[in-house]
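The structure appears below as structure tokens.
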Amino acid sequence: MRALRRFTVRAQLPTQLAPLQTLATNLRWTWHAPTRDLFASLDPEAWERCGQDPVRLLGEIPSSRLAELATDAETVVTVRELADELGDYLAGPRWYQDSREDTPDLPGAVAYFSMEFGVSEVLPNYSGGLGVLAGDHLKAASDLGVPLIAVGLLYRSGYFRQSLSLDGWQLEHYPALDPQGLPLQLLTGADDEPVHVQVAMPDDRTLTARVWQAQVGRVPLLLLDTDIEDNEADLRGITDRLYGGDQDHRISQEILIGVGGVRAVRAYCAATGHPSPEVFHTNEGHAGFLGLERIRELVAGVPGGASAESNGSTPLDFDQALAAVRAGTVFTTHTPVPAGIDRFGLDLVRRYLTDRLLPGLPTDRLLALGAEENPETFNMAHMGLRLAQRANGVSRLHGAVSRGMFGGMWDGFDQDEVPIGSVTNGVHGHTWEAREITALLGDPTPGGRHHAGSAPSEVSDGELWALRNTLRSRLVDEVRRRVRAAWLERGASTPELGWTDHVFDPGVLTVGFARRVPTYKRLTLMLRDPDRLRSLLLDPHRPVQLIVAGKSHPADDGGKALIQQIVRFADDPEVRDRIVFLPDYDMSMARYLYWGCDVWLNNPLRPLEACGTSGMKSALNGGLNLSIRDGWWDELYDGSNGWAIPTADGVEDPTRRDDLEANALYELLATQVTPAFYDRTDGVPTRWVELVRHTLETLRPQVQATRMVGEYVHDWYLPAARAAAEAVADDYAAARDVAGYRARLNAAWNKLQVTGVDASGLPDTPVVGSPMTVRATVDLAGLDPADVTVEAVVGRVDDTDELAEPTTVAMEHAGACDGGGDRYEVVVPLPHAGLTGYTVRVLPQHPHLASSAELAKVVLAG
Ligand SMILES: *Cc1c(COP(=O)(O)O)cnc(C)c1O
């Protein structure tokens, strides 16, 4: 008989073991090895059977076994010690609390919104890198003591589980998760009743969501869930899966996370007394509607709780509220692939952004926030940029690419001036590093409680090499287990599968390639010349073995065809011992790959990989990157921590470009990588070990998520918190002031012009450093001289008169002209030799702007 429904009943724990409940539900165990060891020791067999999931484990251990453990002194003591340790971790001051002593205006709370969170495979709420990065962000914030409140959605079926058909086609499964069986608790209000958050939907309907709370160390993660009886059937399904469904489904999810998410944060703070966030971090455009809800709050006169001063304030108008909201918002963009950016038709947006959802906010103003080149579409990234005073990309190169990609919003500015910065992503060391590495080298977490280890330079070649061999062997065992399981799923029978016991060899150079399968990642580049690949795999002296994994978006048949090509190649009995495609790439598989692969391969189409983080996780374990210089590798490759695959930048024909880059990849493998791995002295590949050591020495500290979160705290959250505090002070005086200023600018800007420019004072034959006096007259069109900055711009020019390497110098206001207008002048020493040009421009100036480019307004002379 099949059950109609299922649910999970949690175990009754004997008193002596009661703290196991907290140890199991706080996800800190995912990065705390001693806690995992404790769970494993309770019932090693059940631990494996439950997929190393403590909540499931506690439900599976028979009560007789629990009773027995309750009388085991050692177990009881360990449980108590670990519970105490967790208590200290959660309560004690950490890096952030220490920093706040010196810098008291660090925010009291930051809300972090993301469509996906990859914290652990036991909470499958992610599709790939974006989610895993968000998970790592929370864990590092927890380790550092950063007071984050995270907000996302709880998907009933997560993303999807991948398997293969016999002919290598991706199949998708959507097993339903039971929230009761997950490490989650319902958020309840002061009345002990579950908190319900509501958002208005079209056609006079209302969507209700309950709020689950996961605890990621110190960081609460609020997950909204619409699968409740209060909702009509179709609305119940809004949180059914991640990135599934049509545009209606998608915008409903985004309204829920953005608008509903802010409401959930308010409810959480009210229920727990947690300080209200001063800063909101929008991780990618999906959650951008959060800014609209905060504007609505302010327009309605509901104190957002941003500060005590806000109580009893006079309501703000739209522009004043917008100024206040922008001040405290940080937006991170994650993709340079235009197709990867969320867009909705304007009609659809108009149908959802109703006066019921956001009372008092004018629709035309809302629609204008998402305006882009195409007048029919609403662009979530553009809205993200307009709602945030501070924005960043996720590697240095991606920052530059984003400045180009969004440069159209800053017409008249040079690309370098577009106010989008960068924070290079990082990865959470304790999550992704093999415990043997941590045991040997110590804890690299700044501000964590250090436990000393050896510097990589102090570890002998033999010891490092032995460690790499251990990690590779563990991976090979896992590969065999998974290959066998995959073939059983594809329909093979046990007697046919003897060969799977022998796939892979623990002594062979192991290369990993695992990631989602969008086109730009070029899953099949390695198959460009199949014979060449075959000969690398089967080389009698220097063989290579290759693990490939990755999911294709269910709607992307092109991606599935790429997977099928790899699977068909790998199915060939001639090579199947040396190349495998492992289905269902997720965090539980990824871990083994990052630990065990000698080489991590990445060959995206440059510059479309915003950062890439899998290679960082490999580097934590002494894996060497073999990668196109894209994303993080463009800035952290140093010539001795791996290899850079040369790119054929500028070759327009994509086929030819792939040929060239594939060829470079084969060459590197044959002439650099394999010799370094196989040239041995007394059984040890000394050159290889030197590369591993250098990687651990230099990359391991740089790729840490704690480094990333530290940068966010100091360079983004802190200025945003300061700006937000200023915006709300004295009944939002600064927000009102900025709004008034923007209105004055808008009224005058089209009439403002530079009416005259000249330069004088140069000798007949100017040399570098000769002083040039630049004078200009400007018609300020009614603005005050204090409202603008007038700049002289001097730089190299070519035939097109385009200024290169410009130097900009603010000009001094030299009084009013007799016939109207204002005079400006400045002395500029000539910055360089050669053909030189200059011009004059006018920019907005206001004490509450983060940069003079912020408002995307500039008037150029001429
Ligand atoms: C790290 C990680 C990713 C992201 O890898 P990229 O290099 O950014 O493509 C995707 N999936 C899982 C399971 C990961 O752990």
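Order of appearance sets the numbers: ligands from 1, and atoms from 1 within every ligand. Just the heavy atoms: all of them, side chains too, but no hydrogens, waters or symmetry mates, feed the values below.
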Would you say the rings of Trp600 and Tyr594 are close, in the sense that their centroids are separated by under 6.0 Å? yes
Salt-bridged, Asp557 to Lys560, with N to O below 4.0 Å? yes
His428 meets the ring pair (Phe, Tyr, Trp, His ring centres under 6.0 Å) criterion, sequence neighbours left out, with Trp31
Looking at residues at least two apart in the chain, or sitting in another chain, which of them share a ring pair (Phe, Tyr, Trp, His ring centres under 6.0 Å) with Phe569? none
Sequence neighbours excluded - salt bridge (charged side-chain N to carboxylate O under 4.0 Å, His left out) pairs with any residue from residues 601-612: Lys521-Glu609, Arg606-Asp634, Arg606-Asp649
As a test of reading the model: which residues have a non-hydrogen atom less than 4.0 Å away from ligand 1? Gly128, Gly129, Val132, Trp432, Arg515, Lys521, Tyr585, Asp586, Met587, Ala590, Tyr594, Gly612, Thr613, Ser614, Lys617
Is it the case that the side chains of Thr282 and Tyr112 hold a donor-acceptor pair, with the cut-off being a distance below 3.5 Å and no angle test? no
